[in-house]
Amino acid sequence: MALLLLALPLAAALLCLVPGKRKILSGINILASLTILAAALVLSRTVFATGPVLELGEFIYVDSLGAFIISIIAVVGLVSACYSVVYASHDLKVGEIRENRLKWYYFWFYIFVFTMLAVVMVNNLGMMWVAIEGTTLASALLVGFYDKRGSLEAAWKYIIICTVGIVFALFGTILLYYAAVSAATGGSSPLNWTSLVKSAEQLDPRLLKLAFIFVLVGYGTKVGLAPMHTWLPDAHSQAPAPVSAMLSGVLLNCALYGILRFHLITSKALGTDFSANLLLVFGLISIAVSLPFILVQHDFKRMLAYSSIEHMGIIATAIGIGGKLGLYGAFLHMLNHAITKSTMFFVAGNVTQKYHTKKIAKITGAVKSMPVSGPVLLVCTFALAGVPPFNIFLSEFAIISSGFMQGKYFVTGIMLGLITVVFAGLIFVVSKMAFGDPSTKIKPGENGGWSALIITLPLIVIFLMGIYVPSFVDKMLIQVVSLMGVS
């Protein structure tokens, strides 16, 4: 099943290049995303029911952490694929893109999905590095898809900054390899995570510390942790809305997965304090850096990008805080943010297509002009800001509670103060967009019935996950927390 899951997006990408009408291409897209979701859920269920899956001579390895992120990739991927159909249809209608370019959008979309799945399914940390670099190359072509000066500049900046970052991660991987070879661990596969985590105590602690610092800076660039975050606002703002949803809701988690693999090895060898404290510091810096940019932002999608930096900072801080409840809250927040932020980017796609602008000052009266997207814009904003009874409130509450329970009052107090100001800023900015009177040039109504339906369905999950964590999700999270060495 693991090999099948890796093969499906590659097959879908090739099928999308077969000449055919737009309706056939849309059908291939939706069928492919549904098939990928089904395979991902079957694989994840197997992992959570029977334990890690090893295939292809231990080249493929999927444990509870990998299965959890695979599920997020497949779910967000399905919704993004469905939204891509209606989003691209509108772009074709207004002449934003040409029909012969659509097949290349879907081709790179599924190559992007493949690279992200590969990140969380390969056992070898060197191959994981290759897969993470692959996500950059595939998604950069999607960021620059509109072939305009702004989008091409954002794609180029994305490639340059993330490639520099990934070089740091390569240095960290090489140092870990040297430590494993020097300790004569791992046999013929010294970079296999399964071997490294078993023999972590035998590795040179000085090399491990240096390796983790390089990896944190390297993969932290891809996560969007400050101060290595500068590519993210440009890329998110210029990419098509479904791609922005994938970048924010899925790609950032895949990069964080790379850090977590090294964090587990370092923690087992040195104890949790070293790597956890570094994650704590970078997490708090990320939240703090995102704050002023959210408050003064003029571009709607850039504001959402800085919100992603904030939330990845919250997750990193939660992992740094640690403890069973803190880690539970961190992974719950990873899931909640993926669902909510991807939905918000879909809403942003509807709104920006309707108003023909991303400028916040030029978007007013969305509730009046768009009877579905306007209210959903408000709901998603409240959810992202951590207002009860929505899902992000529950995960943030768990994280903050864990911090106070462990006596980390100063750190938790700083985080609480920062996210409170972000909450006020988001509500203030979006309320100006949602209320008031729209321009007389804006005709009331949605862009299409399907786009309204796609942004409405996730609201059920956003609300329900705010008052109740389903038992199957709870069991998944408990297993992931146990993998992190906390039971």
Side-chain angles (χ1 to χ4, degrees), residues 1 3-44 70-118 138-139 141-143 145-147 239-247 249-251 338-339 342-343 345-350 353 372-373 446-458 460-461:
M1 185 56 68
L3 290 173
L4 174 63
L5 181 57
L6 281 174
L8 284 172
L10 288 177
L14 293 174
L15 282 173
C16 288
L17 293 181
V18 176
K21 295 183 179 179
R22 179 160 57 92
K23 289 184 178 180
I24 296 175
L25 189 59
S26 299
I28 292 171
N29 167 49
I30 293 174
L31 181 61
S33 58
L34 282 169
T35 307
I36 291 169
L37 175 64
L41 294 180
V42 170
L43 176 61
S44 298
I70 285 170
S71 301
I72 295 176
I73 294 170
V75 171
V76 176
L78 170 64
V79 185
S80 298
C82 293
Y83 184 72
S84 292
V85 174
V86 293
Y87 187 84
S89 177
H90 183 275
D91 276 355
L92 286 168
K93 183 179 178 182
V94 299
E96 191 73 28
I97 59 173
R98 300 186 304 274
E99 188 163 344
N100 63 350
R101 292 209 56 188
L102 195 57
K103 63 181 181 181
W104 289 107
Y105 170 85
Y106 288 119
F107 174 80
W108 289 114
F109 181 91
Y110 283 104
I111 294 295
F112 184 31
V113 171
F114 166 76
T115 57
M116 289 190 292
L117 288 172
S139 55
L141 290 163
L142 292 168
V143 169
F145 180 72
Y146 284 126
D147 204 19
V243 176
S244 297
M246 292 288 283
L247 289 170
V250 184
L251 177 62
I339 295 169
S342 57
T343 307
F345 270 115
F346 300 149
V347 175
N350 284 358
Q353 283 186 332
V372 177
S373 297
E446 295 290 332
N447 296 335
W450 285 110
S451 64
L453 178 64
I454 290 169
I455 65 171
T456 303
L457 289 177
I460 300 171
V461 179

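Throughout, numbering of the chain's residues begins at 1 and tracks the sequence.
A donor-acceptor pair under 3.5 Å is absent between the side-chain atoms of Gln353 and the main chain of His90, judged by distance alone. Under a 3.5 Å cut-off, the side chain of Arg101 and the backbone N or O of Phe145 do form a donor-acceptor pair.
Across all their heavy atoms, Ala88 and Ile97 have their closest contact at O-CD1, 4.3 Å. Between Ala239 and Ser244, the closest heavy-atom pair is O-OG, 3.5 Å. For the residue pair Leu25 and Cys16, the shortest heavy atom distance occurs at CD1-O, 3.4 Å. Smallest separation of non-hydrogen atoms from Ala81 and Phe109: N-CZ, 3.9 Å. Here the closest heavy-atom approach between residue Phe112 and residue Met246 is recorded as CE2-CB, 3.8 Å. A pairwise comparison of heavy atoms in Phe346 and Ala245 identifies CE2-CB, 3.5 Å as the closest pair.
Between Tyr87 and Tyr83, the ring-plane angle classifies as tilted under the 30° and 60° cut-offs.
The CG atom of Leu14 sits 6.0 Å away from the CZ atom of Phe107 when rounded to the nearest 0.5 Å. Interatomic distance, Ile70 CD1 to Leu5 CG, rounded to the nearest 0.5 Å: 6.0 Å. To the nearest 0.5 angstrom, Leu92 atom CG is 5.5 Å from Leu102 atom CG. Rounded to the nearest 0.5 angstrom, Ile339 CD1 and Ile72 CD1 are separated by 7.5 Å. In this structure, CG on Leu6 lies 10.5 Å from OG1 on Thr115, to the nearest 0.5 angstrom. Atom CD1 of Ile73 and atom OG of Ser80 lie 11.5 Å apart (nearest 0.5 Å).
For Ser139, the side-chain hydrogen bond (donor to acceptor under 3.5 Å, both in side chains) test picks out Tyr158, with sequence neighbours left out.
By the 4.5 Å heavy-atom criterion applied to side chains, Val79 and Ser342 are not counted as neighbours. Between Leu78 and Ile36, every side-chain heavy-atom pair lies at or beyond the 4.5 Å cut-off. Leu15 places none of its side-chain heavy atoms less than 4.5 Å from the side chain of Tyr106. Residues Ile111 and Leu141 fail the side-chain proximity criterion, which asks for heavy atoms closer than 4.5 Å.
For the salt bridge (charged side-chain N to carboxylate O under 4.0 Å, His left out) condition, the pairs that include at least one residue of residues 84-100, sequence neighbours left out, are Glu96-Lys148.
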For this session: Show your reasoning for whether side-chain contact (heavy atoms from CB on, under 4.5 Å) applies to Val461 and Thr343.
Result: CA-CA 11 Å; Val461 179; Thr343 307; over 6 Å; no

